[in-house]
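The shown structure was predicted, so the numbers you read here are calculated from the model rather than taken from an experiment.
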Amino acid sequence: MQIFEVIEEAITKPPIPHDPNRQSLKQWAMYCLRDKGFKVVYAQNADFAIETKGSEKLYFKVANNTDNLDNKFGWIVWDSSNKIPTIIPPQVLIG
């Protein structure tokens, strides 16, 4: 299974549902990824990074809409009308 498929599963089938009134999207996403065993670390120019084997880092940002996303990062976007998260890997942005 590709790493982005595992990340997507961690976010779309979370251990707890995202409740915007209780936690930020960033906190929730980091919790879900850590629960699946990912090493989530600080990232200077992103919201967080995931360290993979071989010490490569995948950088992520979170957003509540798809406006102004760039392709340098992976994105976790919350669709508040449908109450579902979407994962957008780097360089796969439509727009």
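Judged as a side-chain contact (heavy atoms from CB on, under 4.5 Å), and not counting sequence neighbours, the contacts of Ser24 are Lys26, Gln27. Remark: Asn82 engages Asp79 in a side chain to side chain donor-acceptor pair (under 3.5 Å) (not counting sequence neighbours). Contacts of Gln23 classified as side chain to side chain donor-acceptor pair (under 3.5 Å), with partners at least two apart in sequence or in another chain: none.
From Asp70, atom CG reaches atom NZ of Lys61 across 6.0 Å, with rounding to the nearest 0.5 Å. Put simply, CD1 on Ile87 and CD1 on Ile11 are 5.0 Å apart, with the number rounded to the nearest 0.5 Å.
With hydrophobic clusters built from ILVMFWY side chains whose heavy atoms lie under 4.5 angstrom apart, Ile16 shares a cluster with Leu25. Both Val6 and Ile76 are assigned to one and the same hydrophobic cluster, defined by single-linkage of ILVMFWY side chains at heavy-atom distances under 4.5 Å.
Considering all non-hydrogen atoms of both residues, Thr12 and Pro85 come closest at CG2-O, 4.0 Å.
Under the 30°/60° scheme for interplanar angles, the aromatic rings of Phe4 and Phe60 are found to be tilted.
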Please walk me through it: do Thr66 and Thr86 pass side-chain contact (heavy atoms from CB on, under 4.5 Å)?
-> CA-CA 10 Å; Thr66 57; Thr86 303; over 6 Å; no
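Crowding of Asn65 atom CG: a count of heavy atoms from other residues, nucleotides or ligands under 6.0 Å exceeding 12.
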Only distances under 3.5 Å count here; give the side-chain donor-acceptor pairs of residues 29-50 to other protein atoms, sequence neighbours excluded, each with its distance to 0.1 Å.
residue, atom, partner, partner atom, Å
Arg34, NH2, Val40, O, 3.2
Lys39, NZ, Glu51, OE1, 3.2
Asp47, OD2, Val62, N, 2.7

